Structure formats: structure tokens, C-alpha cells
Amino acid sequence: MRASRFHLATLKETPVDAEIVSHQLMLRAGMIRRHAAGIYSWLPLGLRILRKVEQIVREEMNRAGALELLMPSFQPAELWQESGRWDQFGPELLRLKDRHQRDACIGPTHEEIITDIFRREVNSYRQLPLNFYQIQTKFRDEIRPRFGVMRSREFIMKDAYSFDLDRDAMQRSYDIMDQAYVRIFDRFGLDYRAVSADSGAIGGSTSQEFHVLAESGEDAIAFSDQGDFAANIETIEALPQDGERAAPDAAMQTVDTPGMHSIADLASGLGVSAHQCLKTLIAEGADGGLVALVLRGDHELNALKAGHLDGVASPLRLAQPEQIKKRLGSDIGSIGPIGIGIRTYVDRSAARLSDFVCGANQNDKHHIHANWGRDCAEPEVADIRSVVDGDPSPDGRGRLRILRGIEVGHIFQLGQKYSESMQATVLDEQGKAVVPFMGCYGIGVTRVVAAAIEQNHDEHGIIWPEALAPFQLAICPINYHKSDLVRQAADDFYDGCIARGLDVLLDDRPLRPGVIFSDMELIGVPRRVVFSERGLSAGQFEYKGRRDAAAQDLPLDELTSFIEKTLSSRQ
RNA sequence: CGGGGUGUAGCGCAGCCUGGUAGCGCAACUGCUUUGGGAGCAGUGGGUCGGGAGUUCGAAUCUCUCCACCCCGACCA
């Protein structure tokens, strides 16, 4: 590709609305452009990268025996009514009516459609196992789209669906996908982790997420520093501590704590440490009432675990301050478990405290030296906190370390949820109709592109991993438009690269070298070759890898062999 | 949906308080010079000032209203 004929649309200034690096760089490099909240076009440069991602996914899915098909975005409401999700899905499902007033939606996912295909196409156990996949546009009407294509409303996803006769066979299909995902993420060249996860709204049991590691990741994931344990932090059990609760050593007192509303205020105001204080959160109950959730001051509530408790609204919703004031008579910041008068769950770590500090359920008052079993009843204990760095690993091996990740893939065992509700069956060996077991497997294709940038960039721009780079090599002639010598050398080399099937970008624009270098670095081409009059007359060319600190001058007669070597030795 | 904010040239912004010829930088276009790290000079084009209504002799500016977008929160892949 010649840059003069490619739509290189780089921006010098950072668009003010872009919050995170990947979004800023994708706009600056001219990969994407926004039309509305969460709605983007992919310009030619961005599409090249998207296609690389898709191609790797496609090759590995095919290798794993999955079959590509393509399903519609526009989906009739009947199928969603059959599965029950027409009512279950919230406003995230974009619903519309066609000219005949028939209800429909723009697909946020495709379980209904694939199950409809399956029940019409497949009749016999002999046709199983089966795995269909597509790479297609999804639409989810997010409450708040943000971070560019990281959380957009319209996005591209690879979704695959497996069908098996029984649970064991489903497990085998799932394992095959697990392996395929490992190959896919290895080939992307990204630093990633597979972790066990919650299956969320899609349903099903066993599930695993694939996260690209990045500081800016929205998810926290934890690993054992000794064993193989790895999981999304929201699913991890915080193990009970060994040993007994210490005996009380003083009588409870009530003290004035004016203006101390946060745990930090309280700890510094009373001269105690945060872990000696109780944090009491109020959630909405399943029956419309309120439930108290008590944690140690230095711990965070795990909303997923708390939402599973008996009597707590699921998904978890924290109560509004007015609601709390009305029911409990005091403001957030002075609430505590003693005499609270609503159902109360106490986290394991909080239940082990003695002589703790807690709100007195009167504004600006707290208890000190409070103790379970003496100043109030023994607590109802539950595991409701998020694990923290250094907690013991739930598999009993080592301690947990916590990293941040961007979820780019998720594989689930769905079981019979959809096949059952939509009455998809096949005949088994005995001629009996059986309900097949399904799995579903997603990769956020557009999100992979953004995640790759989050993980690989510097102050000059994007640094593409080899497999995703829009071009393998940038040819940067200096004064291409002025110097016959330079133009000749650049053209010859470019033609040779094209003939060898390399994907190269020749920057033949009549620009100053600084502009060319900056653009090539911004768009993240992994390596560049520079031709100049000075170098050519000395029989040299210049080479620099995108991550190299400095360029090197090399003999011209080694040009082809050198490039071949760097292309094949790269990782 | 709740809270906060912003809409002026492709991008980044000033002007608004105190009503009176719509400006600056970058980008684009033309010419000359320059040419190994986002050049210089000269010139040119580009605006429903988010939309509508109102007040006024006169509205980017004041008032009302609608819309869009951004940030924080709950939600989610």
C-alpha cells in the first residue's frame, strides 16, 4: 500500500472526549470515527486490524471443527418470547416494530436464533456434536456507552454455540473451545489470563473468562501465587480465618463522632485502624424491605456474592439514602449492626472481630469496644466481601495476587436452558427424543483491538503485536518526491516486498521526515526501513523496530535477507 | 434513570458576564523557500454560533423550551 493512496487520517491533537488511551489512539491514528454515543465507523486502517483479529479467530475456530454461518441482526420477538428472555431482558435489548407492527429486536446475542436453526436442521444424534459460529454485529443498548469501542452499543463479536447429546459430551465440546481460545489468544500475541467466572445473565454453570491484562482493565482477577487457581475476583470465596475470636477486653461505650462519616474519618478520628471498624451497608431486600450487610472497614462488598443471599434482591441494589434514613432513623455513616432491627448478614472477617467500632444508629454517634454475643446476638455469618491481595487461595495452595484485566472472551456451558425452553430435540440411538446440551463461546472482536492497544502503547502511539499489525513494515523514504535515487530505491524495495507477498506501507507522501516518522509510530507499524540520499550513497539503509531505542544502519546488499530474518524471527 | 457539565469552521478553543461587523491555533487549499523528528513566509476557502420560540431597533451573548454529547453513579461482555 502506498500512503499517498491510503486514507491516513491521523490527528495531532487528542480528542477531548476520549478518556482512555486506546480510545484516544484509535481516534488519533484514524482507525475509527464516532457517529453517536457508542456507535463507530471503522476506517480503512482500523478495519485492517479488525480483519487480522477476525482471521485468527476464524482459522482457529475452523481448526477446532466449528462451522461458520451468519445469522440476522434483526430478530423476531416470537423467538425471544419462547425462550422467556423477551420479558427478562431489560432496556438493553433494543426493541422495535416493523411496518406491520410486529415486534422485533436487534440481536444482543444469538442463542434464540441458533436454537431455532438447530431444531429445524438437526434431527439425529448422528449429527452431533455440532458447533456453529459467526462473526457478526451485536447491538446492546448500554445505559452508558464509553471508552470508545471498549464499551460501545454496536460491536462485533464472534459467537459460537455447541450442541451435544449429554453433559459429558458438552464438557468435551467445551474443552475443545477452551483449547481453541488458548491458541487464539496466544496467536494474538497479547498477555492474557483465563479465569473461572460467574455465568451471569446468559445462564448456565461452568464458565471461564479470558482477560487481556492491562492497568486500565475494568475487572479484577486473582491468581494463586503457587497453584493454578485463577478466577474473576467477583466469584472467589474469602476463606474463614483460622483460630477463635478474641475475648472482649472492655465494656461497650458510645462516643460522639461528629462529622465522621467514612471509615477513614472514623479510624483517624478515634485513633484506631480501619480493620477494627465495621462498615454497614444497606441493600434492598427481595421482599421490598432492607437488609444490612456488615464488613470489616478495610474490605469491599462483593455485590455478586451478596446478591445471592437469601432475602437480598438479586441483582444486588444498595438502598437510597432517603430510604435508609426513613427506615433506620440515622444517616449513612452512623449505621451499625447493634439494635438495627433489620435482617443482618455479617462477613466472616467482620464476625471474627472483638472490641470493634461500629455506628450506633444515631447520627454522629458510634460504639467502641462492641462485641458480638455480648452487646448483640451472635451474627448471621456469610461470605460477602471481595478477596484482597494476600488472601489465601481457595484451593489451599498459596496466596492470591490481584491483577486488572479486560474481558475479551467468555465460554459457558449452557446446558439445556435454551434447548428446553425452545423445544429443540434430537432422536437418540433408541429413537427417543432428547434435549441436547449447549455451550456458548464469545470473543469481543472489536474489544480485542482496543485491549491490544491498552496493553501495548507508548508516548508515541500504538505498538501492535506482530499478528495484529495493519502493516508488517513501513518504508520511509526521505525526500521521495525530490530524490530520484531515494525514489528508485524505495520503489524497488516496495515492489520486491509486494512480490514476496509482504504487507508493507510505502510512505511516498511529499512530507518532511518528522511527520512520516510520527505517523508511522502513531499507527503502530512494528518496524520501519528508511532510505535517504545520505545512506544510499554510503551503501546503507536504516532499520528500526517499533520498540527499539535506536535505529541501526545496515549494508544495502543485506536489505532483503535482513528483512526476511526479522520477519521470521519475530515473536 | 439520578447528579454534574458542554454544544461557536474538520480538530482544540476564545468571545457570552456587560446585546451592536464571529475570532485564534492546528488541519485544508495556492505559491515560494525549506527537507533526518509533527518547518517558515505570503495568500485563499470554510460558520443555520446544536434546533425552535421569545425579549429587543438589533441576539453567539438575555429568557423559555427541545435535542445531542461528555463526566460520576447504578447496569453490563
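By convention in this document, chain letters (A, B, ...) are assigned in the order of the sequence lines, proteins followed by strands, and residues within each chain are numbered from 1. Everything quoted here is computed from the prediction, not taken from an experiment.
- Regarding A:I20, its CD1 atom lies at a distance of 15 Å from the C1' atom of B:rC70, rounded to whole Å.
- Figure legend. B:rA28 is base-paired to B:rU44; pairs are counted as Watson-Crick or G-U wobble with both atom distances under 3.5 Å.
- Rounded to the nearest Å, the gap between the C1' atom of B:rC75 and that of B:rG19 is 46 Å.
- The CZ atom of A:R153 sits 20 Å away from the P atom of B:rC75 (whole-angstrom rounding).
- Pairing of B:rC75, defined by two Watson-Crick or G-U wobble distances under 3.5 Å, is not identified with any nucleotide.
- A:R528 comes within 4.0 angstrom of a nucleotide base, judged by non-hydrogen atoms across all strands.
- Of the inter-residue distances, the one linking A:H23 atom NE2 with A:E454 atom CD reads 11.0 Å to the nearest 0.5 angstrom.
- Using cut-offs of 30° and 60° for the angle between ring planes, the A:H410 and A:F412 rings count as parallel.
- Note: CZ (A:R34) to C1' (B:rG7) measures 12 Å, nearest angstrom.
- Comparing B:rC16 with B:rU48, their P atoms sit 22 Å apart, to the nearest whole Å.
- Residue-level contact check: A:S483 touches neither bases nor backbone, having no heavy atom under 4.0 Å from any strand.
- When both distances must be under 3.5 Å, the Watson-Crick or G-U wobble mate of B:rU6 is B:rA68.
- In this structure, of B:rC69, B:rG36, B:rC75, it is B:rC69 that holds the atom nearest to the side chain of A:A36.
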Are A:K52 and A:I56 close enough, and set up right, to give a side-chain contact (heavy atoms from CB on, under 4.5 Å), and what steps lead you there? CA-CA 6 Å; A:K52 299 261 166 120; A:I56 289 170; 5.5 Å; no

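- In terms of polar N and O atoms assigned as donor or acceptor, the side chain of A:D519 comes within less than 3.5 Å of the base of B:rG38 in a complementary pairing.
- You'll find that the side chain of A:V16 is closest to B:rG12, out of B:rG12, B:rG36, B:rC70.
- Salt-bridge annotation for A:E19 and A:R146: absent, with no side-chain N of the basic residue lying under 4.0 Å from a carboxylate O of the acidic one.
- Spacing between atom CG of A:L93 and atom C1' of B:rC75 amounts to 15 Å, rounded to whole angstrom units.
- A:R447 comes within 4.0 angstrom of a base, heavy atoms only.
- Separation of the P atoms belonging to B:rG38 and B:rG20 is 42 Å when rounded to the nearest angstrom.
- Considering only the side chain of A:I143, B:rC1 comes nearest among B:rG36, B:rA39, B:rC1.
- On the P atoms, B:rG23 is 14 Å away from B:rA9, given to the nearest whole Å.
- Taking the P atoms as reference points, B:rC62 lies 36 Å from B:rA74, given to the whole Å.
- Distance check on atom P: B:rU61 versus B:rG45 gives 27 Å, rounded to whole Å.
- At a threshold of 4.0 angstrom between heavy atoms, the contacts of A:E284 with the nucleic acid are absent.
- Remark: B:rA59 base-pairs with no nucleotide in the shown strands. Criterion, Watson-Crick or G-U wobble with two distances under 3.5 Å.
- Using a 4.0 Å cut-off, no side-chain N or O of A:K12 falls inside it from OP1 or OP2 of B:rC11.
- Considering only side-chain atoms of A:N479, the nucleotide from B:rG36, B:rG38, B:rC75 that sits closest is B:rG36.
- The nucleotide whose nearest atom lies closest to any side-chain atom of A:R512 is, among B:rC70, B:rG36, B:rU34, B:rU34.
- Going from atom CZ of A:R144 over to atom P of B:rA74 covers 10 Å, rounded to whole Å.
- Between the CZ atom in A:R528 and the SG atom in A:C476 there is a gap of 6.0 Å [rounded to 0.5 Å].
- Contact check on A:R183 versus A:D186 returns no salt bridge, with no Lys/Arg side-chain nitrogen under 4.0 Å from an Asp/Glu carboxylate oxygen.
- Taking the ring axis of A:Y40 as reference, the NZ or CZ atom of A:R33 does not stay both within 45° of it and closer than 6.0 Å to the ring centre.
- Partner assigned to B:rU34 is none, using Watson-Crick or G-U wobble distances below 3.5 angstrom.
- One atom, NE2 of A:H7, and another, P of B:rA28, lie 12 Å apart when rounded to the nearest Å.
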Could you check A:L50 against A:T446 for side-chain contact (heavy atoms from CB on, under 4.5 Å), going step by step and ending with a plain yes or no? CA-CA 7 Å; A:L50 203 54; A:T446 39; 3.7 Å; yes

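- Distance CD (A:E92) to P (B:rA74): 16 Å, rounded to an integer number of Å.
- Set against B:rC69, B:rC26, B:rG36, the side chain of A:E13 has B:rC26 as its closest nucleotide.
- If you find the closest nucleotide of RNA chain B to A:E209 and to A:D17, the one lying nearer the 5' end belongs to A:D17.
- The nearest heavy atom of RNA chain B to A:T10 and to A:L316 marks one nucleotide each, and the one closer to the 5' end goes with A:T10.
- For the pair A:R317 CZ and B:rC1 P, the interatomic distance rounds to 18 Å; values are reported in whole Å.
- Rounded to the nearest Å, the gap between the C1' atom of B:rA14 and that of B:rC67 is 25 Å.
- Across B:rU55 and B:rA59, the matching C1' atoms stand 10 Å from one another, rounded to whole Å.
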